[in-house]
Amino acid sequence: MFKTNLLFLCLSFSTVLSFSQDKPNVILIMVDDMNDWVGAFGGNRQAITPNMDAFAKKSMVFKNAYCSAPLCNPSRTSILTGYNPSTTGVYGNTEHFRDKKGLENTITLPQYFNQNGYTTAAAGKIFHSPRGPSKKPRPKSDPGSFEMEHKGGLGSTYPKDEERFQHGLDFSFYKDGSHMKRSFDWKGVEVENEETSDWKSADYCVKFLEEDHNKPFFLACGIFRPHLPWYAPQKYFDLYNVDNITLPEVIANDLDDVGSIASNSVQKKLHKQLVEKKKWKEAVRAYLANLSYADACVGHLIDAFENSKYKQNTIVVLMGDHGWHLGEKEHWTKQTLWEEAAKTPLLIYNPNTSAKGISTKIVSLIDVYPTLLDLCDLPQKEDLDGKSIAQLLANPDTNWDEIALTSKGNGTHSLRDQNYRYTIYPNGFEELYDHRIDPMEWNNIANSISQKEVLIKFRKELQHILK
């Protein structure tokens, strides 16, 4: 009996060692509201993001990665469940996917890894905390998706109340309780990195990497900045001279050809104030400063990873959850189906291959779930809406003709392929932009007779995806 038990223990221990050596670890880093202004992605040449840029040189950079929804909750729900918003029915920030019929027992990305032998841990904002009325108590994120979770705050230290909202903007045109009215603000704060919540989230993950783990792990770190309000340590504001800030490129009458639904959703009154009060450069500087602060937090974790015992067997995914407008099309924040809100950085570091460089193929954040299963040699989950992009890691020039779907609501969808963006609204209004000659999406050519076949193709493709 003793020999049998001893044999069982030896075999079990051997299996654990073998499993931990054979299966790669995963670190998922998600940065809130991060558009493609990160230096390595080329969206803004003034951005100072040395840590992400350095890590990008060791990784595969996906320069054309798109979110499934241009808003926190539906985007993160899509990434972490592997389902499109049209599948979950989650389009806004007041919903939780487990409230939806048939999705109560959804196996999220970290849960799937846990079911396949992984330790799971998280810090910061990974799942979104739903707001608004509900028949059920609202969870903080998604209890049960991670075995261990750091429950600290988000973002960075706030200034004193009397130092807030010194920009002189008038938000009276917003309804009471508007998110913008409460949070559209910026200021540098005299505080050290180590005292801020985002740094503490990264530091929780740093300490996790300093521990011994006898199983492979799935570790997620959410960095809240550059989400509003734009409060960050003063030293990051000092990196940028406001007088030298280059503003986004815009044209007059850009909204004349976008239709009533899109035009009415744009923050035109806010943009007009920022221009008239000469605060546009200040706001852009504030976003850049908060992006640099986020980069420092990411760098804290990346440095620890580079110096850890797990470096040779850990896959790292660094991504945003969606993009952000800073005056393009007279809009601020997210919640559009244009390029600025739909595109976000995605890079994947895989130590088990020599994969690094740049891929310009069209991919979606919804592809992260099946890709990680593929890279970690876990059983594929057949009901996922995304597609593994592992083959692009092996060869970024491989044949690839996938289309990325971004949805804002039921009947409000956008498709992006290598050449075009096609968008349709509930009233039937369509937009079509040729990115080969119009990367800023200034000229809607949906009414052009020469584009008839292109429109027919996109209409059929959208019906196929949403069926």
Side-chain angles (χ1 to χ4, degrees), residues 16 19-20 23 25-30 32 68-69 71-85 87-154 197 200-202 204-205 207-209 211 213-224 315 317 319 321 365-366 368-373 376 378-386:
V16 169
F19 189 80
S20 64
K23 297 293 183 184
N25 307 302
V26 174
I27 299 176
L28 173 66
I29 306 172
M30 197 182 302
D32 212 325
S68 295
L71 187 64
C72 295
N73 187 42
S75 175
R76 290 164 184 266
T77 295
S78 181
I79 293 165
L80 296 162
T81 65
Y83 304 139
N84 285 319
T87 300
T88 64
V90 173
Y91 291 105
N93 276 348
T94 63
E95 306 151 276
H96 191 260
F97 65 95
R98 295 201 188 276
D99 291 343
K100 301 291 185 178
K101 185 177 180 180
L103 297 177
E104 300 89 344
N105 299 313
T106 296
I107 301 172
T108 63
L109 176 59
Q111 283 178 319
Y112 195 80
F113 270 82
N114 184 241
Q115 290 180 0
N116 283 276
Y118 277 67
T119 297
T120 60
K125 182 179 175 183
I126 299 300
F127 286 90
H128 183 79
S129 301
R131 300 190 302 268
S134 174
K135 295 179 181 179
K136 301 179 181 180
R138 284 293 181 200
K140 181 169 176 129
S141 56
D142 186 50
S145 271
F146 291 98
E147 293 177 285
M148 298 171 284
E149 193 166 2
H150 172 64
K151 300 290 187 180
L154 302 174
S197 294
K200 290 176 182 177
S201 293
Y204 172 89
C205 297
K207 289 180 171 57
F208 182 94
L209 292 176
E211 298 172 356
H213 301 283
N214 62 2
K215 295 197 301 181
F217 58 77
F218 182 102
L219 176 65
C221 181
I223 303 300
F224 192 63
I315 295 164
V317 178
M319 62 199 293
D321 57 350
L365 300 187
I366 201 171
V368 169
Y369 196 148
T371 300
L372 286 175
L373 301 191
C376 295
L378 299 183
Q380 283 297 313
K381 195 168 180 289
E382 300 299 334
D383 64 337
L384 301 179
D385 288 333

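In terms of heavy atoms, Ile366 sits closest to Gly82 at CD1-O, 3.7 Å. When all heavy atoms of Tyr91 and Leu71 are compared, the closest pair comes out as O-CD2, 3.9 Å. Here the shortest heavy-atom pairing between Leu103 and Thr106 reads O-OG1, 2.8 Å. Closest non-hydrogen pair, Phe127 versus Pro110, comes out as CE1-CG, 4.4 Å. Heavy atoms only, all atoms of each residue included: Ser68 and Ser78 are closest at OG-OG, 3.0 Å. The two residues Gly222 and Ser201 come nearest to each other via the heavy atoms O-CB, 4.1 Å.
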Apply the test side chain to side chain contact (heavy atoms under 4.5 Å, CB included) to residues Cys72 and Asp32: give CA-CA distance (whole Å), side-chain angles for both, the deciding distance (0.1 Å), then the verdict.
CA-CA 8 Å; Cys72 295; Asp32 212 325; 3.4 Å; yes
Using the rule given for side chain to side chain contact (heavy atoms under 4.5 Å, CB included), can you reason through Lys23 versus Asn116, listing the C-alpha separation, both sets of side-chain angles and the distance that settles it, and then say yes or no?
CA-CA 10 Å; Lys23 297 293 183 184; Asn116 283 276; over 6 Å; no
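Taking 4.5 Å as the limit, some side-chain heavy atom of Lys381 sits within range of a side-chain heavy atom of Ile107. Between Ile126 and Leu80 the shortest side-chain heavy-atom distance falls below 4.5 Å. Between Ile315 and Ile27 the shortest side-chain heavy-atom distance does not fall below 4.5 Å. Proximity of Val26 to Cys376: side-chain heavy atoms (C-beta onward) are separated by under 4.5 Å at one or more points. Taking 4.5 Å as the limit, every side-chain heavy atom of Met30 sits out of range of all side-chain heavy atoms of Cys221. You'll find the side chain of Leu209 reaches within 4.5 Å of the side chain of Leu219, heavy atoms only. Counting heavy atoms from C-beta on, the side chains of Thr88 and Lys100 never come closer than 4.5 Å. In this structure, the side chains of Asn93 and Pro74 come closer than 4.5 Å at one or more pairs of heavy atoms.
Checked by atom type, the side-chain pair Asp321/Ser75 shows no donor-acceptor distance below 3.5 Å. Asn73 and Glu95 are not linked by any side-chain donor-acceptor pair at a separation below 3.5 angstrom, with hydrogens and angles left out of the test.
If you take OG1 on Thr119 and NZ on Lys215, they are separated by 4.0 Å, rounding to the nearest 0.5 Å. Atom-to-atom distance recorded for His128:NE2 and Thr94:OG1 is 9.0 Å, nearest 0.5 angstrom. For the atom pair Leu373 CG and Leu109 CG, the distance stands at 7.0 Å (nearest 0.5 Å).
By the side chain to side chain donor-acceptor pair (under 3.5 Å) test, Tyr369 pairs with no residue at all, sequence neighbours left out. Listed by chain and residue number, Gln111, Ser145 satisfy the side chain to side chain donor-acceptor pair (under 3.5 Å) test with Thr108 (two or more places apart in sequence, or in another chain).
With hydrogens and angles disregarded, a donor-acceptor distance shorter than 3.5 Å links the side chain of Tyr112 to the backbone of Pro379. For the pair Glu147 (side chain) and Thr120 (backbone), a donor-acceptor distance under 3.5 Å is present. Between the side chain of Thr77 and the backbone N or O of Phe97 there is no donor-acceptor pair closer than 3.5 Å. One N or O on the side chain of His96 and one on the backbone of Arg98 form a donor-acceptor pair closer than 3.5 Å.
Using cut-offs of 30° and 60° for the angle between ring planes, the Phe146 and Phe218 rings count as tilted. Using the six-membered ring where Trp is involved, Tyr118 and Phe113 have ring planes that are perpendicular, over 60° apart on the 30 and 60° scheme.
Here Arg76 does not pair with Asp142 in a salt bridge; the nearest charged N to carboxylate O distance is not below 4.0 Å.
For Phe217 and Phe208, the distance between ring centers is under 6.0 angstrom.
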